[in-house]
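The next block holds one structure in the form of structure tokens; read it before the comments.
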There are 2 protein chains.
Amino acid sequence: MPRPTKQSPERGNARHRLLEAARDIIRAKGFAATSVDDLCRAADVTKGAFFHHFASKDALGVAVADFWAETTTDFFAAAPYHAPPDPLARVLAYVAFRKAIILGEIAEFTCLVGTLAQEVYATAPDIRDACGRSIFGHTDTLVVDIEAARIDRGIADDWTAESLARHTQAVIQGGFVLAKAGNDPALARESLDHLDRYIRHLFHVT
Amino acid sequence: MPRPTKQSPERGNARHRLLEAARDIIRAKGFAATSVDDLCRAADVTKGAFFHHFASKDALGVAVADFWAETTTDFFAAAPYHAPPDPLARVLAYVAFRKAIILGEIAEFTCLVGTLAQEVYATAPDIRDACGRSIFGHTDTLVVDIEAARIDRGIADDWTAESLARHTQAVIQGGFVLAKAGNDPALARESLDHLDRYIRHLFHVT
DNA sequence: ACACATACCAACCGTATGGTATGTTTTCCA
DNA sequence: TGGAAAACATACCATACGGTTGGTATGTGT
């Protein structure tokens, strides 16, 4: 049996390996501190291959933010928190899931596009916007359940589902910042407990 | 009258100008993307002067985090939110104050040590720890009022004053991340509204 | 008047950086 | 089975980077 001849544009080739290396290294060292040579070395690829696939380092930044958006979309779509029939239970299960996946090294559970946006927001608008699409695209997936829970429970308050969805991301991102500053993942989990309590308050859950 | 001969080590000299330049430029471009030459140019100082005052670029990073801690401590100590006699009112006034100072350009209201910690947590432990001291030193100033409000109102819940103080910082830092990713300061203010609502819920304020 | 320390400056150094020019190899498809 | 095109590799370039060197000007304590 021949090994795969027509190589898929998404699996195992230099471009894909470079994106994986970028995802891992940029999360640990930041974008500016990550050199093109670093990425080539990690992906076992030459510089010629890098600039064949990406017009510039900034273009790699945009591509890796898009790559992050795709992979996290798939990851969360396949996650178990969608199982409960009750929409509010799904929202709370989401928060619990986000807390549960805060494990291991800090660079392994923190958010690429959060750190990337924080670093380049003023210097690389293209990368910043790609990060924004990833973050706010994810919040959109939460809005449906929050809004359903809101109608379901007859909550009439002065907040919107979109706003609460964004707030969940703010708490998660802020937890990551504190975890990094304090060098302790528990700091990220702690804020998710407060978020859980807040949502229960909003929906009058005891 | 002679102009001051023995120059104070804290005012107007090269070191102080470099710290101010570092505070402003690093907030906008990030630490790694800010070159020593950038700082010298902005502070109108030569490279010789830079390395006279700071042993390395990393040492400047530690110094600017400490500088940030000092100036923000003074700034918040002088802020008006300490006025209310009721401790809970002071806590809510703090949140309102944090919301009120989110004005103008993103680089002007966001947190130096939050971005700095996020960028260098894995590569420069010294800078990271200086950022941690700044952030958690600030949370400590909130704990007193939160704990007083807790006792005052007889709240017996499963959270601590320290934990809630840290959560306020997580929400603030996360709001900054979203504001940068979405290029809109309103995103930072929005999360502070949720934080305000959360605290009112916790203390049973209508 | 002397020794000494601090603050600062201009010029320089080795290296690492993002990026390019020019191949060579592999894959696809007519 | 050609031949074009995509996918890589090698060698190189100009520059910008963090950091060093040797020096001067000025104040300071004795």
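Chain letters run A, B, ... following the sequence lines, proteins first, then strands; residues in each count from 1.
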Inset, instruction - Taking only the side-chain heavy atoms of A:S56 (C-beta and beyond), determine which of C:dG19, D:dG18, C:dC9 contains the nearest atom. - result: C:dG19

Inset, instruction - For the side chain of A:D37, starting at C-beta, report the closest nucleotide among D:dC17, C:dT17, C:dC9. - result: C:dT17

Inset, instruction - Using the six-membered ring wherever Trp is involved, compare the ring planes of B:Y94 and B:F76 and label them parallel, tilted or perpendicular (cut-offs 30° and 60°). - result: tilted

Legend entry - Atom-to-atom span, CZ of A:R17 to C1' of D:dC8 - whole angstrom: 10 Å

Legend entry - Rounded distance (Å) that lies between atom P of D:dC13 and atom CZ of A:F51: 17 Å

Inset, instruction - Please state how far atom CZ in A:R15 lies from atom P in D:dA6, giving the value in whole angstrom units. - result: 15 Å

Inset, instruction - Could you check whether the rings of B:F109 and B:F176 sit parallel, tilted or perpendicular, using 30° and 60° as the cut-offs? - result: tilted

Legend entry - Listed nucleotide nearest any side-chain atom of B:H53, set D:dA9, D:dT20, C:dA7: C:dA7

Inset, instruction - Calculate, to the nearest 0.5 Å, the distance between atoms OG1 and NE2 belonging to A:T160 and A:H167 respectively. - result: 12.0 Å

Legend entry - Spacing of B:D44 atom CG relative to C:dC9 atom C1', expressed in whole Å: 12 Å

Inset, instruction - Indicate, yes or no, whether a donor-acceptor pair under 3.5 Å links the base of D:dG19 to the side chain of B:K47. - result: yes

Inset, instruction - Between C:dC9, C:dG18, D:dG19, spot the one nearest the side chain of A:K57, thanks. - result: C:dG18

Inset, instruction - Would you indicate which nucleotide in C:dC9, D:dG19, D:dA9 comes nearest to any side-chain atom of B:V45? - result: C:dC9

Inset, instruction - Send over the distance from B:R41 CZ to C:dC9 P, rounded to a whole Å. - result: 15 Å

Inset, instruction - Report yes if a side-chain nitrogen or oxygen of A:T46 is closer than 4.0 Å to either non-bridging phosphate oxygen (OP1 or OP2) of D:dT10; otherwise report no. - result: no

Inset, instruction - Using atom CZ of B:F50 as one end and atom C1' of C:dA10 as the other, report the distance to the nearest whole Å. - result: 17 Å

Inset, instruction - Check whether the ring centres of A:F75 and A:F97 lie less than 6.0 Å apart, and answer yes or no. - result: yes

Inset, instruction - Could you tell me whether the phosphate oxygens of D:dC8, OP1 or OP2, come under 4.0 Å of any side-chain nitrogen or oxygen in A:H52? - result: no

Inset, instruction - Calculate the interatomic distance between B:F54 atom CZ and C:dC8 atom P; express it in whole Å. - result: 11 Å

Legend entry - Residue that, paired with A:L92, satisfies side chain to side chain contact (heavy atoms under 4.5 Å, CB included) out of A:D86, A:D145, A:I199: A:I199

